[in-house]
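As the structure is a prediction and not an experimental result, all values here were calculated from the model. Below, each value reflects all heavy atoms present in this structure, side chains not excepted, and no hydrogens, waters or symmetry copies.
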Amino acid sequence: MSAGVKTKALAAFVQQCLDPLPDAVLIDTHHNQLMRQARRLPWRKADAVTSLARAETAYWQEKSIHAMYVLEDEDRSSAYSDKRMISVDRSRQAVADQIRVPAPDLLAVQWKREAAKDRYLPISADEVAKLIAADEAFLAAHPITKQPRRKRGLGDHH
């Protein structure tokens with residue numbers, strides 16, 4: 001082997017060392033996964049509160065209907081209906097509170113978009129837009145895969 005070949009190989013190696021690495025190589029997916037997981041428990045807690053508030057609303061609705069048509073007791077139906085309206089307010093507040101919780105994944109962001117369509121929520125559209133933008137920025141900055149997942153074709157299902 002000649003000295004010229006070794007010099008060329010060494011020069012190529014040094015150049016590779018000096019070239020910046022592609023972004024995908026520098027992604028620490030484990031760290032990003034931990035960052036997203038840190039958001040999961042607060043999201044689940046908020047979701048549990050929202051689910052309970054919605055269930056309570058449905059409960060009082062059914063109690064009101066039962067009192068009206070089965071018991072034929074308009075006074076009781078009205079009392080249940082009043083309780084339902086209180087739980088509707090609690091439910092809307094729970095949804096607004098959950099929208100304010102940082103999203104752990106894209107499904108949560110999608111949920112926020114859908115939930116925010118209720119125009120009676122005690123949260124402004126402006127605040128919702130800012131919160132969703134912040135979630136999307138966080139998720140984009142903390143990818144959990146180095147390569148974007150490819151779309152599956154018809155023949156790719158297992």
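When all heavy atoms of Ala103 and Leu139 are compared, the pair lying nearest together is O-CD2, 4.2 Å. Summarising the geometry of Gln93 relative to Pro122, their closest heavy-atom pair is OE1-CG, 3.3 Å, with the distance given to 0.1 Å. Nearest heavy-atom pair across Ala140 and Pro143 is O-CD, 3.4 Å. Taking every heavy atom of both residues into account, Val128 and Ala116 meet most closely at CG1-CB, 3.6 Å. Closest approach of Pro102 to Asp135, counting heavy atoms only: CA-OD1, 3.6 Å. Across Ala115 and Val95, no two heavy atoms sit closer than the pair CB-CG1, 3.8 Å.
Under a 3.5 Å cut-off, the side chain of Ser51 and the backbone N or O of Asp47 do form a donor-acceptor pair. Counting only distance, with no hydrogens or angles, the side chain of Thr29 and the backbone of Thr145 share no donor-acceptor pair below 3.5 Å. Remark: side-chain polar atoms of Asp73 are not paired, donor with acceptor, to backbone N or O of Ala67 under 3.5 angstrom. Remark: side-chain polar atoms of Thr57 are not paired, donor with acceptor, to backbone N or O of Arg84 under 3.5 angstrom. In this structure, Lys112 contributes its side chain and Val101 its backbone to a donor-acceptor pair below 3.5 Å. Listed for the Ser91 side chain is no donor-acceptor partner under 3.5 Å among the backbone atoms of Ser87.
The cluster map of Ile, Leu, Val, Met, Phe, Trp and Tyr, joined by side-chain heavy atoms under 4.5 Å apart, puts Leu106 and Leu131 in the same cluster. Two different hydrophobic clusters hold Val88 and Trp60 under the rule that ILVMFWY side chains link at heavy-atom gaps under 4.5 Å.
The closest side-chain heavy-atom distance from Val49 to Gln98 is not below 4.5 Å. You'll find the side chain of Ile65 reaches within 4.5 Å of the side chain of Gln61, heavy atoms only. Between Ile99 and Leu121 there is a side-chain heavy-atom pair separated by less than 4.5 Å. Annotation: side chain of Arg36 is in contact with side chain of Phe138 (closest heavy-atom distance under 4.5 Å).
Within 6.0 Å of CD on Glu136 lie more than 12 heavy atoms contributed by other residues, nucleotides or ligands. Within a 6.0 Å radius of CZ in Arg100, other residues, nucleotides and ligands contribute more than 12 heavy atoms.
Taken to the nearest 0.5 Å, the CE atom of Met85 stands 11.5 Å off from the OG atom of Ser64. Taking NZ of Lys63 as the start and NE2 of His66 as the end, the distance is 7.5 Å to the nearest 0.5 Å. We find the OG-CD distance between Ser77 and Glu72 to be 11.5 Å, quoted to the nearest 0.5 Å. Taking OG1 of Thr50 as the reference point, atom NZ of Lys45 lies at 14.0 Å (rounded to 0.5 Å). Distance check, rounded to the nearest 0.5 Å: CG of Asp97 to CZ of Arg90 gives 13.0 Å.
Tested against Gln33 for a side-chain contact (heavy atoms from CB on, under 4.5 Å), the candidates Gln37, His31, Met35 yield a single pass: Gln37.
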